[in-house]
Amino acid sequence: MPGATIPPFPDDIPTLPLLLIEWNKLLLPHGDHTGDDERSRLYQACHDLGFFYLKGLPVDPDPMFDLADQFFACSQEEKDRYEMGTDGNYFGYKKSGAYFVDKQGSPDRTEFLNISKDNIFCSGSVSREEPRAVEGHRRSVKTFMEGCHSVAREVLKVLSQQLQLKENYLLDLHKFDEASGDQVRLTHSLAPVDDDASSAPNVGAHTDFGSVTVLFNRLGGLQVLTPKAGEWKYVKPLPGHAIINLGDALVKMTGNLLRSNIHRVVPPPGPQRSSNRESIVYFCRPNNHIRLAPIPSPLVATEPRDTKRVDEYPTSEEWIKERVTSRLQKSYKGEESYEMTKGTSTDFKWIYDLMSLADDDIENLSYHTNRLPSPDHLFRFTPPATPPPLDETFDKYIELALKDDPHNEPNQFKIKLIVQRLFPGAGIDAKYIRERIRATMKERDPDWTPSPRVVEPKPYKAVELTLHEAVDIDHVNKELDNLVDAAFRFQHEKVLTASHLLRALNVLCPDCGYTVDHVVKRVWTRRYELAGKDSSLKVNVRRRRIRRDNSRTAITFCFKENLLQPRRRGEDVRSELAIAQSDYTSEEEEASYMMQRKPVVHDLRQDGLLKKGRNRPDPTASESSSHSPLSLGGNLIDARGQSRKHRYHPAHTPPTSQDLANARIQKSSRRVQLVHPPEFRTFTNAQQETQPTEGSDSYSYEPDRGRFAGRRARYQGW
Ligand SMILES: O=C(O)CCC(=O)C(=O)O
Ligand SMILES: [Fe+2]
């Protein structure tokens, strides 16, 4: 269809303004402000929405539109010869109606032809006959594929940089000359006939399966579901621009950090409605054998359930097959089949529901509530100035979760994660949540009984390591590095938690005021160093009950007996410390374990590991409306304004400078020297004198300089 005959896109319908990225600016060298800016905008777009316009890219889609015209004009019989079938193959022709697009199982209204990159380049991994029209355009198909792949490569390069990985990290997972599901898709849908009252879309709501999609369309019809409001908004086609969107593979590999947003195609709007619609899509996907497991970026926080081994994640090829099959009419078994068609978007559904309740402040957070925070997000998130009432919040979330899945009791971990972020430092623990959930369930149905989650706790594995009574900061750092290294050596895919390390430190030098931040950053630093050599290494940094003022966080992790029992002061702490290797494989297992057993929670103060009487009264308790009334000081004020002592946070208040001085004296009297670097001392001193302020800290990691820096970074150089 020549450009001149395209009816205009109406200007009176709501569209989604995508970020516009310029190809030329992406190519500017590092250090160039304009280029750096463009690259960070690209990352922002991939993070927030997963869709953006790319202007001026070196790819001409017109020959592919010509090819589409030619192929779709063939007889149905001719097209059916290249039918892709229903066994999970995803190359070839799919006729209109072969997929279902909604809960009712309505047929789709788009025919398409998927042309395999490997088949066109005769790489041997795919061998199928291509339609005659394609054979006649082989050269231009090749040029188009190479062009789109290089665009995707540029996006992947930028993402690798922004994720603080080496530039080639993601490129190495998407090699052009290795087998992959990469394909060009030509799509075609007929204009709806006038009396067509059906509201079914041309292409049902979905996320793309691969990594980067390069999309060219001339007519409107593409709609994106807005993350927060959940409204379908048109994306206006712009001449000379491609629409780039991310697919599930990158979402999975970044633990949901990046976004593959739900989209669909409806008949073109306004005066375009009477035109047949074509689009040209290039799907860039990881090489077939690549497992969609979290990549070792310091920004990627693995989920609690991510104690999975790498080989337990699906390969790129398996994932595509599963997704393709789920959309076929033959897979339609009823309403619930529809949910299965949406890919990673279902991971977010629960969160979307919550977001519709929450106000703007929570938006930032909501993207991440189904995983543990990375430093980036944690520091960026500003808890709402006026948190919603605690009880009401719980009830709402529980109701929502039940609406989502009425047959199962709500997942306490998700509720916990969300509530903890809304009420930082309020010390909401699993037990409290469990009790609330049970009370709600009983209210709804007096006969309700908790589901019997009888899961034998798997045996823990432990590695015995020696930690010297080291209190010199360099020495401690070195010991931390040793622990990380040893844990990796022991079984690198297992989890080494920051809290294990912190506990080790607190046991060794209870008065030194080391914070979970110190440990987390050290571990990340080390992980970064190690990941350079072996990309499969990862550390699952768990931060529980993070307080915004970064004061020392007590450890409430559920340890099995005999592992990391706190030692009393004076005990011989030079003996071996066990680093627990968690064998949980899922949230559920962890939940059931915690349900069966009373968590082993130690009051460090009672154990003599912290000085008694360190907690000072909450200085803001009397003016509780300006800050989160729940988050400050050692005495916590609950939703009803009552003060309660926190069982799980014995170390809420950082040590005073006097404490540190005492500690130094005590230590030196034991002929051990406690040395803090000036930065650290500044941190702890400043800490105890200043209130946690509103606003957020933003940290960034500078791998080249081996340090974290940020707007209010307190640590400078390790
Ligand atoms: O045709 C379009 O505009 C989008 C097509 C699409 O989303 C797809 O094929 O995955
Ligand atoms: Fe798509």
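As the structure lists them, so they are numbered: ligands from 1, and atoms in each ligand from 1.
- A donor-acceptor contact closer than 3.5 angstrom is absent between the side chains of R128 and N119.
- Relative to the ring axis of F65, R218 places its NZ or CZ within 45° and under 6.0 Å from the centre.
- Using a 4.0 Å cut-off between heavy atoms, H206 contacts ligand 1 through its side chain alone, with no backbone atom that close.
- In summary, the side chains of D118 and S125 do present a donor paired with an acceptor at a separation below 3.5 Å, with no hydrogens or angles considered.
- Applying the 4.0 Å criterion to heavy atoms of F283 picks out, from ligand 1, the atoms 8 (C), 9 (O), 10 (O).
- If you check the side chains of T15 and K233, you find no donor sitting under 3.5 Å from an acceptor.
- The OD1 atom of D208 and the NE2 atom of H206 meet at the Fe ion (ligand 2) at an angle of about 90°, given to 10°.
- Under a 4.0 Å criterion applied to the non-hydrogen atoms of H263, ligand 1 contributes the atoms 7 (O).
- D208 counts as a contact of ligand 1, since one of its heavy atoms falls under 4.0 Å from the ligand.
- Heavy atoms of L215 found under 4.0 angstrom from ligand 1 belong exclusively to the side chain.
- R153 places no side-chain N or O within 3.5 Å of a backbone atom of L171 that could act as its donor or acceptor partner.
- The two residues Y93 and K79 come nearest to each other via the heavy atoms CD2-O, 3.3 Å.
- Distances shorter than 4.0 angstrom do not occur between any heavy atom of R264 and any atom of ligand 1.
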